[in-house]
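Since the structure comes first, as structure tokens, the remarks are kept for the end.
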Amino acid sequence: MDKLSEILQQKFGHTSFREGQKEIIEQVIAGKDVVAILPTGMGKSLLYQLPAYFMKGAVVIVSPLLSLMQDQVEQLKMFGEKRVVAINSFLTYEQKEMVMSNLAMYKFIFTSPEMLQNKRFNCALSSISIAYIVADEAHCISQWGYDFRPDYLRISNWLDAFPEANVLALTATATQKVVDDIKGTLHMSNPFEFIHSLDRPTIAYEVQKADSQKEKEAWIMGRITTTNGPGILYTQSRKKAEYYAYELEKKGVKVAFYHAKLEQEDRVLVQQQFQQGDLDWICATNAFGMGIHKDNIRQIIHDHIPTSIASYMQEVGRAARDGKQSIASLIYTNSDVEQAFYVAMKDFPDETDIHAAFQSEEYQILLPETTFRILSYWKEILSEQETIALFHDIKKRKWLEIQKLFTLFQSELCIREQILNTFDEQLTTKPKNCCFNCSLDLQQLLTKREYQNLENIELNWFNRINELLRP
DNA sequence: GTGGAACACGACGACGTGTTCCACTGAGGTCGTT
């Protein structure tokens, strides 16, 4: 048995590697930069965990969510690794000081892109030896960096302080544009690239067009109340997620809603209940998904046009992790394109905002928080004209992407094939249940289910009490 | 930009039609203060 397999068995209890894992791990150990695109459930964590045991120094893992960090810290501790810490706002000032003063003790250091801008933290990091740096869920660099969390783009400058460390970028879905963004931001020159096929033959694609919002709602309610989950209904707004959860609950469906405005404890609770099977459906915004461990999701429904093909695939990819047949359905109306564009654009500064922000600091403070944050970042590195040009470009790109997605859903060609082509991939074999435009046996795909309508039960009770009280 | 609700209007009263207004609209982390 070679050394890698030995550690795999000793530390992680696996007897063999999955496709691509060994190759990637070898490249990381050899000191190469690596971009690895692997579907959810293909063992991405192992790719950064295992090489650490062959290299001197610590591993810094940049993660987008606090919950994801906690999750991974716990997972490593379960494997018996004690030298692991997450440095983020969950720690008090005193705890942070304590960890930073003893940073050399740790093998795995999890942190957020925001934290990488902390001077005290950087000072501590520069005093220890770093083997390699990991960008987990690296698509966030491209997806969030430009218009939401500019600290993702600041990783670029931060990396200059660690020229010796190689970088490993991990994600489940990335178009060529996203890969280019990742490589650029992480200063990767000639990295080893492992790109697993994005095609998931056990996910069938269904697209439905509705003439009105009412028709759309009726279709969604009908589908969820007559067929089996577990499933996720992705809505475009928090309000809609709550509305559907409320309506479905009345029909007897075990359901909860999930979005960014939920308290942290409620989020954890909903997530756990769904994972344990106590809930059949989650009505959620795009906040739901990263770090969800559930293998048997059978249905993903979208009630809108997503803002990018990559995020659509991320969301759809949460189904069928157990390899069993599942279905991804999307229902839209013509006006949904405009809605998607509005949502994608609403925090972007317009030309007047950019001009005013470059003229006066006070004006910038009047802007919405996200807009202010984005502008502050670009003001540091670009001129006013360059910033205007940049946002013009980003807006145009977003609009084209949404349009492309809309055209794709409207087209009569194979949906699977078109999606794969967007990711520069060719479809080699069509599964039996491919898509709405090829072949789709809905009766086979969707198991019938009857729910007990709680509205009727309440009504019956109301009638019975009335009868009893009648003089 | 769209869609739905509310309102105005015509004309002997209810209701269809046109106009106006307003709601819709994601994602996370950190710091300092209460």
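Note on naming: letters A, B, ... go to the chains in the order of the sequence lines (proteins, then strands), and numbering restarts at 1 for each one.
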Q: Rounded to the nearest angstrom, tell me the gap between atom CG in A:L91 and atom C1' in B:dG32.
A: 17 Å
Polar atom pairs (N or O), protein with nucleotides 21-24 of chain B, under 3.5 Å:
unit_1: B:dC24; atom_1: OP1; unit_2: A:K239; atom_2: NZ; d: 2.1

(Q) What's A:Q143 touching, base or sugar-phosphate or nothing? Going by heavy atoms closer than 4.0 Å. (A) nothing
Q: Answer whether the closest heavy-atom distance between the side chains of A:Y146 and A:Y377 falls below 4.5 Å.
A: no
Determine all donor-acceptor pairs shorter than 3.5 Å in which one atom belongs to a side chain in residues 81-98 of chain A; sequence neighbours excluded.
unit_1: A:E81; atom_1: OE1; unit_2: A:Y53; atom_2: OH; d: 2.6
unit_1: A:E81; atom_1: OE1; unit_2: A:R83; atom_2: NH2; d: 3.1
unit_1: A:E81; atom_1: OE2; unit_2: A:R83; atom_2: N; d: 2.9
unit_1: A:E81; atom_1: OE2; unit_2: A:R83; atom_2: NE; d: 2.9
unit_1: A:N88; atom_1: OD1; unit_2: A:F90; atom_2: N; d: 2.9
unit_1: A:T92; atom_1: OG1; unit_2: A:Q95; atom_2: N; d: 3.1
unit_1: A:T92; atom_1: OG1; unit_2: A:Q95; atom_2: OE1; d: 3.3
unit_1: A:Q95; atom_1: OE1; unit_2: A:T92; atom_2: N; d: 2.8
unit_1: A:E97; atom_1: OE1; unit_2: A:R120; atom_2: NE; d: 3.3
unit_1: A:E97; atom_1: OE2; unit_2: A:R120; atom_2: NE; d: 3.3

Q. If each of A:S335 and A:D151 is mapped to the nucleotide of DNA chain B with the nearest heavy atom, which maps nearer the 5' terminus, i.e. the 5' end?
A. A:S335
Q. Given the C1' atoms of B:dC9 and B:dG13, what is the spacing between them in whole Å?
A. 14 Å
Q: Give A:N334 one of three labels, base, sugar-phosphate or nothing, depending on what nucleic acid heavy atoms sit under 4.0 Å from its own.
A: nothing
Q) Does anything in residues 113-120 of chain A reach DNA chain B, meaning a heavy atom under 4.0 Å, and if so which residues? A) A:E114, A:M115, A:N118
Q. In terms of side-chain heavy atoms, does A:Q143 have a donor or acceptor partner in A:Q314 at a distance below 3.5 Å?
A. no
**Q.** Side-chain H-bond candidate by donor/acceptor type, A:D303 with A:Y332, under 3.5 Å
**A.** no
Q) Near DNA chain B, which residues from residues 207-217 of chain A have a heavy atom under 4.0 Å away? A) none
Q. Would B:dC7 be called syn or anti, given that syn covers angles within 90° of 0?
A. anti
Q.
Under 4.0 Å, counting only non-hydrogen atoms across every strand here, what does A:T333 touch: a base, just sugar-phosphate, or nothing?
A. nothing
Q. What is the distance, rounded to the nearest whole Å, between atom CZ of A:R238 and atom C1' of B:dA27?
A. 9 Å
Q: May I ask you to check whether A:Q176 and A:D180 show a side-chain donor-acceptor distance below 3.5 Å?
A: yes
Q | Pairing stems for DNA chain B [at least three consecutive pairs; Watson-Crick or G-U; under 3.5 angstrom] | A | B:1-10 with B:15-24
Q: Please answer whether the main-chain N or O of A:E114 pairs with a side-chain N or O of A:R149 as donor and acceptor at a distance below 3.5 Å.
A: no
Q: Only counting residues at least two apart or in another chain, list the ones meeting side-chain hydrogen bond (donor to acceptor under 3.5 Å, both in side chains) with A:K398.
A: A:D147
(Q) Distance check, C1' atoms only: B:dA14 and B:dA8, in whole angstrom units. (A) 15 Å
Q: Quick one: label A:E137 by what it contacts on the DNA or RNA (base, sugar-phosphate, nothing), any heavy atom closer than 4.0 Å.
A: nothing
Q: Please name all residues satisfying salt bridge (Lys or Arg N to Asp or Glu O under 4.0 Å) with A:R238, sequence neighbours left out, ordered by chain then number.
A: none
Q | d(CZ, A:R149; C1', B:dG28) in whole Å | A | 5 Å
Q: Check whether any side-chain N or O of A:S112 sits under 4.0 Å from OP1 or OP2 of B:dT30, and answer yes or no.
A: yes
(Q) Tell me which pairs pass side chain to side chain donor-acceptor pair (under 3.5 Å) where either residue lies in residues 252-276 of chain A, with sequence neighbours left out. (A) A:E242-A:H259
Q) Cut-off 3.5 Å, side chains only: do A:Y234 and A:R318 have a donor facing an acceptor? A) yes
Q. If only side-chain N and O atoms of A:S89 are considered, is one of them under 4.0 Å from the OP1 or OP2 phosphate oxygen of B:dG29?
A. no
Q: Just jot down the side chain to side chain contact (heavy atoms under 4.5 Å, CB included) partners of A:N296, sequence neighbours excluded, or say none.
A: A:P230, A:K294, A:R298, A:D322
Q.
Any residue in residues 261-269 of chain A with a heavy atom nearer than 4.0 angstrom to DNA chain B? Just list them by number, or reply none.
A. A:R267
Q. Is the closest side-chain donor-acceptor distance between A:S411 and A:Q418 under 3.5 Å?
A. yes
Q. Can you check the A:Y146 OH to B:dG28 P distance for me, whole Å?
A. 20 Å
Q: Calculate the interatomic distance between A:K96 atom NZ and B:dT30 atom P; express it in whole Å.
A: 7 Å
Q. For the side chain of A:W144, counting heavy atoms from C-beta on, which of B:dG1, B:dA27, B:dG26 is nearest?
A. B:dA27
Q. In whole Å, what separates the P atom of B:dA11 from that of B:dG18?
A. 14 Å
(Q) Please report the distance, rounded to the nearest Å, between CD in A:E315 and C1' in B:dG26. (A) 10 Å
**Q.** Partner set under side-chain hydrogen bond (donor to acceptor under 3.5 Å, both in side chains) for A:Q299, not counting sequence neighbours
**A.** A:T227
Q) Is it true that the side chains of A:H304 and A:Q339 contain a donor and an acceptor less than 3.5 Å apart? A) no
Q: Please name all residues satisfying side-chain hydrogen bond (donor to acceptor under 3.5 Å, both in side chains) with A:Q117, sequence neighbours left out, ordered by chain then number.
A: none
**Q.** Donor-acceptor pair between A:H293 and A:D71 side chains, under 3.5 angstrom
**A.** yes
